[in-house]
Amino acid sequence: MTAEPPPADRAAPTDGADRTERADLRKDAAPDPAEDNDRPATPSWIRELDMALTVYPQVLLTGNVRDQYLLPDDHAAGSSGTLAPYTLGGVIESVCTARGYGAIAFVDQVNDRIALLRLSATPEQIPAVIREFVERDERWRRGRGAAPNGSGEGGSGEGGSGEDDDEADMLDRLRDAMVGVVQHPGPPIALVVPYAGRLGSPQAPVDGEAARLFAAAEELGHTARPVQGASTVTPYNTVFWVVERQEELPREFAVGSRAVRVINVPQPPHDQRLAAARHVVGGLARYQAATGGPSLTEAETAAAAKSLADSSHGMGSSEVMAIGRMALDRSLPVQRLDEAARLYRIGVLDNPWATAALRERIADGEEFLNGKVIGQPHAVRRTLEIFMRSAAGLNGAQASSSPSRPRGTLFLSGPTGVGKTELAKGVAEMILGKDARPIRFDMSEFAEEHARDRLIGAPPGFVGHDAGGELTNAVRANPMSVLLFDEIDKANPRLFDLFLQILEDGRLTDGRGATVYFTECVLIFTSNLGVAATVLGDPPGGGGASGGEVASGTEDSGAGAAGPDAAVGAAPRAAGRQLGRHDDPVTVRQALREAFDLFFNEQIKRPELRNRFGDNFIPMDFMQEKWVPRILDKAIASVAARVQEVHGAVLTLADDAWEVLRVEATRRLDHGGRGVLTAVESALVNPLAKEVFRNPPRRGERIEVVAVEGDGDGEGYRLEVERWPG
């Protein structure tokens, strides 16, 4: 049996081909009895376009104008319920046909000509200037075929497309064509300019032929009159301008003119994407069955189409159909089209989140991360819960909003030196593999208002526009990244709007207008918000505070112990104290959470961003004394490994020396794990460096630190060492 391929994305009607009939897409078109009840309604912008033909001489189409649009293909033999993809040119043709237009002229930038599509008009009913252009183009094509060197009839400037033509000549011909079309007595004629943004610069004034063109366009818009057509209400000879972004138009374009109807073509809504998804899934399901794969039930096909429509949020219909082609090329089953949609966004063919290797690393992640970050078992468990959710494909499953959110989001809050950055490094290594590191942004460097441009790139016309943004460039180069935003509370408040868009839609538009997707990224934010929170009562051990006695605040907060009641004459509240490592972990976590809420609700007034973090807020506890031995052993092992690597010698510590280091590390524990490392640097690394510098060890030599003497407040530490040759 010959395999039936999935239906190709049927090309929209060729702009230069004759047509005798086309589907009626008008708002008041009679419904077809055979129409599928699930067929999407005609998009509102097409109905607006149909209305505009009778009251506006010019129409500006912007937005999603390069897409394909699934519309009823009533021209298909015997199946008026069939949907087929149309280009914008095909939509314009169909609407104009229904309104009785005689012909449509298209500006063809590729072939540098003005092409004609005759609908109902005879050759004699075409404007003379358009006939002349068409005849000259035909003579040029014949002459070019007979004499490739351009010496045939019409091979030079006469044909309008020869080597001597330049941009000014094309603009001059476009102006003549526009004048001839608008002043034509009937039947109505349309002129389509598909790349209007390329006719001049939006930054600088245009001159010469471009200036004459836009001046003529504005005047013709006000002097144009309706002409006789086939419908009751007669349309104008319409000029269609097409541009993706309105700001790309030259300054001289009369956007605000009452003669110009601006119609935005939106991204397809869910019902349009669902129609495209059914178009794709139906073809793939037939192909899958024809090539020996499993046959899908009607319910399975419907579920696959809905999943694809949901996963293609923010995409055009042409992209939905491209996902089908990619799935066919990659031999992905219909049931995995939602995965194909995610991968299509970022251009990566393999999904690491679906691999058994990553699932295994996450399953063993508690031991791995606890080895990286000592003393934070609660934070490690919460982190792994989030990534188990992502690996299971349930990230954001509770929400009906965009399914394109990042794979994981963490907000790590806690005192300095407790392992926030180390946890981010461990997450990157667990997800991306050994030696992977997060892409780090120190947000204290982004405190100024213009810092936004550093992340996404400067807008057009500003210095550095071509360089792009640090964040968008990094994600474009590495679509699957762990992004670390360190000390996020120090960033300028304007930047939080960017994070809101990333967390909600999983994408950003950079300064050059390109979309960057964060769909496969992990975002980690760190902060020490709440470390300076105030708790009431005496320190633990002397009638300590309970978790309910927390009054959260920040270092910059003016919330004193008196609180709001002081303003109305209430008695002052009891004196408080700052959080410390002796506080109960529950008290610490509650204070950190309240400070987190206060920061987003009151300080930067972004409660919606706080809600996007949801349950991904992870408080990290103060470092406890019981974790000192493990951190100390890890630090000493790192020093010994460096000595082995650089000098080839073996370093060991006697029990007495180890105990001195433990006591010194405990004394500095208020600085967290970083205090332990500082103690090792002061009491071991510095005096050891002197010993090794003065008496370099030989390869294989054994060095044992027998004792550590002195202190960090006087002349420093001294080591008593014994050495044996290897």
Side-chain angles (χ1 to χ4, degrees), residues 3-10 67-68 70 83 85 267-297 299-359 389-397 401-408 431 475-476 478-481 505-507 515-522:
E4 179 187 0
D9 298 344
R10 188 177 74 85
D67 200 4
Q68 290 185 325
L70 277 179
L83 296 178
Q267 292 289 340
H270 188 272
D271 65 328
Q272 294 288 329
R273 297 199 313 275
L274 183 59
R278 288 174 180 150
H279 185 79
V280 169
V281 170
L284 283 175
R286 290 191 295 272
Y287 179 75
Q288 182 173 297
T291 53
S295 298
L296 300 182
T297 65
E300 289 173 331
T301 301
K306 183 179 183 303
S307 178
L308 176 56
D310 293 342
S311 302
S312 58
H313 175 79
M315 294 186 184
S317 298
S318 60
E319 293 176 291
V320 175
M321 291 183 276
I323 291 169
R325 292 195 296 273
M326 187 185 80
L328 180 65
D329 179 65
R330 302 292 297 173
S331 300
L332 289 175
V334 172
Q335 296 86 339
R336 292 177 60 189
L337 281 176
D338 57 337
E339 176 185 327
R342 291 181 66 92
L343 300 181
Y344 173 85
R345 293 181 187 275
I346 60 174
V348 176
L349 300 180
D350 299 313
N351 183 6
W353 294 93
T355 63
L358 178 58
R359 296 175 67 91
R389 185 174 65 202
S390 294
L394 297 178
N395 188 40
S401 54
S402 170
S404 306
R405 292 175 174 177
R407 281 289 185 173
I431 294 174
V475 175
R476 185 179 288 110
N478 298 282
M480 285 176 285
S481 302
D505 297 327
R507 61 179 179 174
T515 301
V516 179
Y517 291 100
F518 294 74
T519 305
E520 303 302 319
C521 290
V522 172

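Position 1 is the first residue of the sequence, and the numbers go up from there.
Closest approach of Ala285 and Leu296 over heavy atoms only: CB-CD1, 4.2 Å. Closest of all the heavy-atom pairs between Pro268 and Ser317 is CG-N, 3.7 Å. Heavy atoms only, all atoms of each residue included: Val475 and Tyr517 are closest at CG1-O, 3.3 Å.
Put simply, CG on Leu337 and CE on Met326 are 9.0 Å apart, with the number rounded to the nearest 0.5 Å. Taking NE2 of His279 as the start and CG of Leu284 as the end, the distance is 10.0 Å to the nearest 0.5 Å. Between the CZ atom in Arg336 and the OG atom in Ser307 there is a gap of 12.0 Å [rounded to 0.5 Å]. In this structure, Tyr344 OH and Arg325 CZ are separated by 7.5 Å, a value rounded to the nearest 0.5 Å.
In terms of the side-chain contact (heavy atoms from CB on, under 4.5 Å) criterion, residue partners of Ala341 (sequence neighbours excluded) are, by chain and number, Leu308, Ser311, Ile323. Here Ala309 pairs with His270, Arg273, Leu274, Ala277 under the side-chain contact (heavy atoms from CB on, under 4.5 Å) rule; sequence neighbours left out. Every residue two or more places apart in sequence or in another chain was checked for a salt bridge (Lys or Arg N to Asp or Glu O under 4.0 Å) with Arg507, and none qualifies. Partners of Pro269 under the side-chain contact (heavy atoms from CB on, under 4.5 Å) rule, at least two apart in sequence or in another chain, are Asp271, Gln272. The side-chain contact (heavy atoms from CB on, under 4.5 Å) check on Ala299 picks up Thr297, with sequence neighbours excluded.
Residue pairs meeting the salt bridge (charged side-chain N to carboxylate O under 4.0 Å, His left out) criterion with at least one partner in residues 299-309, sequence neighbours excluded, are Lys306-Asp310.
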Problem - Audit row: Ile431, Arg407, side-chain contact (heavy atoms from CB on, under 4.5 Å) steps and yes/no - result: CA-CA 11 Å; Ile431 294 174; Arg407 281 289 185 173; over 6 Å; no
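Listed for the Thr291 side chain is a donor-acceptor partner under 3.5 Å among the backbone atoms of Tyr287. Side-chain N or O atoms of Gln288 include one that pairs as donor or acceptor with a backbone N or O of Pro294 at under 3.5 Å. Side chain of Asp67 to main chain of Gly316: no donor-acceptor pair is present (N/O by atom type, distance under 3.5 Å, no hydrogens or angles).
The closest side-chain heavy-atom distance from Val522 to Pro406 is not below 4.5 Å. Gln267 is not listed as a side-chain neighbour of Met315, based on a closest heavy-atom distance of 4.5 Å or more. A heavy-atom distance below 4.5 Å is not found between the side chains of Thr301 and Val334.
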